[in-house]
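We're numbering straight along the sequence, starting at 1. Everything numeric in this text was worked out from a predicted model, so none of it was measured.
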Amino acid sequence: MYANKVLLLIFAAAALASCSKMSGPPAPSLPTTMKEIPASRLNFRYEGDVPAPPESKTVATAQARNAAIQADFDQNRAQELLDSTTASPDGKRCLAVYHRAGDMPAEFRLDMYSGDGKILRRVTPDSLAVHFPDTIVWSPNSENIAFVGMLRATAPADPNAPPPAGPAANANAAIP
């Protein structure tokens, strides 16, 4: 009986000793720099800040060139190459995106034409280059346009080109 009590006392002491110590990995310390945090824990999700534009038939027609403007370039502007045209939402005006042979590959120019193919004015002066022509957009009321423009890397002067005349001469005039 005495042996049973000793055995029970040893068993109780062992049980108490094993319960007092927590086993397992040590508690992690807090990170001190961002590089210590795994990317999956950063909880980053990209969302656009504006909704995508609705798909419409005007997007498809913007890719086609205006035939009257193309004819004007073919007949009167042999030193310039028409890249694309973008019609205004009301259809009264159209922007011609073009470049000259000496321009840098990613630099373009803009002119405004009437819907029937007559030039109204130059939009960009020789010192300004239009970049990313696919992003040119008209305002919904057809009064303004938005485009990305930067100073031209080199503004080559064409000594054979006549000075602009008529409404195309003033690039700062209001849009007619």
At what distance, to the nearest 0.5 angstrom, does CE of Met104 lie from NE2 of His131? 9.0 Å
Side chain to side chain contact (heavy atoms under 4.5 Å, CB included) between Ile119 and Met112, worked out: CA-CA 6 Å; Ile119 189 163; Met112 187 174 301; over 6 Å; no
Of all residues at least two apart in sequence or in a different chain, which pass the side chain to side chain contact (heavy atoms under 4.5 Å, CB included) check with Ile136? Leu95, Val97, Leu110, Val130, Pro133, Phe147
Stepwise, does the side chain to side chain contact (heavy atoms under 4.5 Å, CB included) test hold for Leu82 with Ile69? CA-CA 8 Å; Leu82 181 64; Ile69 296 173; 4.1 Å; yes
Quick check: do Asp126 and Arg152 have side-chain heavy atoms less than 4.5 Å from each other? no
Return the CG to SG distance between Asp111 and Cys94, rounded to the nearest 0.5 Å. 11.0 Å
Please tell me if the side chains of Val123 and Ile145 come closer than 4.5 Å, counting only heavy atoms from C-beta onward. yes
Heavy-atom side-chain proximity of His99 to Glu107 below 4.5 angstrom: no
Strictly under 6.0 Å, is that where the ring centroids of Tyr98 and Phe108 end up? no
Lys92: partners by side chain to side chain contact (heavy atoms under 4.5 Å, CB included), with sequence neighbours left out: Asp90
Contact check, side chains of Pro140 and Pro89, non-hydrogen atoms, under 4.5 Å: no
Verdict with supporting geometry, Tyr113 and Asn66, side chain to side chain contact (heavy atoms under 4.5 Å, CB included): CA-CA 10 Å; Tyr113 278 79; Asn66 182 303; over 6 Å; no
Ser88 versus Ser142, closest heavy-atom pair with distance: CB-OG, 3.7 Å
Quick check for you: to the nearest 0.5 Å, what is the distance between Arg109 atom CZ and Asp83 atom CG? 11.5 Å
Taking side chain to side chain contact (heavy atoms under 4.5 Å, CB included) as the test, write out the residues that go with Asp74, two or more places apart. Gln70
Within the structure provided, determine whether Phe132 and Val148 are in side-chain contact (heavy-atom separation under 4.5 Å). yes
Hphob cluster co-occupancy, Leu120 + Leu128, side-chain heavy atoms under 4.5 angstrom: yes
Could you give the distance from OG (Ser127) to CE (Met150), rounded to the nearest 0.5 Å? 13.5 Å
Say whether, by atom type as modelled, one donor and one acceptor occur between the side chain of Asp103 and the main chain of Arg100 under 3.5 angstrom. yes
